[in-house]
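Residue numbers begin at 1 in each chain, while the letters A, B, ... track the order of the sequences. As the structure is a computational prediction, the values presented were derived from the model and not from experiment.
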There are 2 protein chains.
Amino acid sequence: MVHADASNFSAGISKAEAYAQVLEQASALFDGQRNWVCNTANTASLLWHCYHSLPEPSNTVNWAGFYVLDPSNASQLILAPFMGKVACQTISFSRGVCGAAARTGETQLVKDVLAHPDHIACDSDSRSEIVVPVRDREGKVVAVIDVDARVEEAFDEVDREWLERLAKVVGEGCDW
Amino acid sequence: MVHADASNFSAGISKAEAYAQVLEQASALFDGQRNWVCNTANTASLLWHCYHSLPEPSNTVNWAGFYVLDPSNASQLILAPFMGKVACQTISFSRGVCGAAARTGETQLVKDVLAHPDHIACDSDSRSEIVVPVRDREGKVVAVIDVDARVEEAFDEVDREWLERLAKVVGEGCDW
């Protein structure tokens, strides 16, 4: 199988089945490869193609990727591999949905970003967002998975459950 | 302006005008930010949206991104930020179009990948490819820009000229 085929999802599968394929493919890609840039780049691709193989609201995802701890500033996140439009380069731990996930170590599920007092509008098209912390093998938060969508309430408890499982695979499968 | 607007290209502009916007936006994004992961991630997004704003053959681009020197193996490249389907994680300097660009320091413009004896098929949909070396401020090749398209002869001397200009902005605008 050529690598690109990992991004091909069958039509008509459920969201949980699509996420299960993401996890399976990510685990296979990380086998023997612990470089975090390489692995988060392929994971962002898997997530993007997963969402765009699904019906609404999942296919309204307009950004899927990672922020990591900024090596030059311990109190902020910095942009890492993603799929979507150009994004904010750095995010303070004290600001926004990504900052809250990194600061608290808890998943942030925002059903309506316009009603969220501290949302950072990198893209005015985004209407809902989920951000999941990624921890290394020692349990330290080293990154976040960030996914945005063009409609309100695009994410639910299924997304939370599977993205948290993916975060564990990514966090433990890379050297940070 | 929110960051995502940097990825919006006007309809009807020429390829040279679109590349000029990529260069202008990349230079603005790199002002005060030299993190290579962050900067190549945003550059891949700019390139992707540039190509998909243009008519055929440019809008048949199916992969746009970077490979960098593998910190764990000096004789190979490793996957870095990109837009598109899941890709090969590592590429030896001795293999493929990306390897040739890194090894020779010369742009590789492949009009028909099926006729190229040493093409690595990460994606069987790809039919043409351009790979441009990226040099740091000391002139050392540290990365390549790799762009693939679904049709033969998608790239020409205009692409070569502008991607080489972009490679200079990226190479000198980041700490590697």
According to a hydrophobic-cluster definition based on side-chain heavy atoms being under 4.5 Å apart (Ile, Leu, Val, Met, Phe, Trp, Tyr only), do B/Val68 and B/Val142 belong together?
yes
Pair listing, disulfide bond (SG atoms under 2.5 Å apart) test, anchored in residues 137-176 of chain A, at least two apart
none
All donor-acceptor atom pairs under 3.5 Å, backbone and side chain, chain B-chain A:
residue	atom	partner	partner atom	Å
B/His3	N	A/Cys122	O	3.4
B/His3	NE2	A/Gln89	OE1	3.2
B/Ala4	N	A/Val86	O	3.3
B/Ala4	N	A/Cys122	O	3.0
B/Ser7	OG	A/Val86	N	2.8
B/Asn8	OD1	A/Lys85	NZ	2.6
B/Leu29	O	A/Gln89	NE2	2.5
B/Asn42	OD1	A/Ala87	N	3.0
B/Asn42	ND2	A/Ala87	O	3.3
B/Ser45	OG	A/Gly84	O	2.7
B/Ser45	OG	A/Val86	N	3.1
B/Gly84	O	A/Ser45	OG	2.7
B/Lys85	NZ	A/Asn8	OD1	2.7
B/Val86	N	A/Ser7	OG	2.8
B/Val86	N	A/Ser45	OG	3.1
B/Val86	O	A/Ala4	N	3.3
B/Ala87	N	A/Asn42	OD1	3.0
B/Ala87	O	A/Asn42	ND2	3.3
B/Gln89	OE1	A/His3	NE2	3.2
B/Gln89	NE2	A/Leu29	O	2.5
B/Cys122	O	A/His3	N	3.4
B/Cys122	O	A/Ala4	N	3.0

Flag yes if B/Val169 and B/Phe66 sit in one hydrophobic cluster, no otherwise; membership is Ile, Leu, Val, Met, Phe, Trp, Tyr, and two members link when side-chain heavy atoms are under 4.5 Å apart.
yes
Decide whether A/Leu23 and A/Val170 are clustered together by the hydrophobic rule: side chain heavy atoms of Ile, Leu, Val, Met, Phe, Trp, Tyr closer than 4.5 Å, transitively.
yes
Interchain contact, B/Ile78 with chain A, by part (heavy-atom threshold 4.5 Å)
side chain
Which pair of non-hydrogen atoms, one from A/Ala80 and one from B/Ala41, has the smallest distance, and what is that distance?
O-CB, 3.8 Å
Mind checking side chain to side chain contact (heavy atoms under 4.5 Å, CB included) for A/Ala167 and listing every partner two or more places apart, or none if nothing turns up?
A/Val132, A/Val134, A/Ile145
Is there a continuous path of hydrophobic side-chain contacts, each under 4.5 Å between heavy atoms, that joins A/Leu163 to A/Val141?
no
Are A/Leu46 and A/Leu54 connected in a single hydrophobic cluster, I mean Ile/Leu/Val/Met/Phe/Trp/Tyr linked by side-chain heavy atoms less than 4.5 Å apart?
no
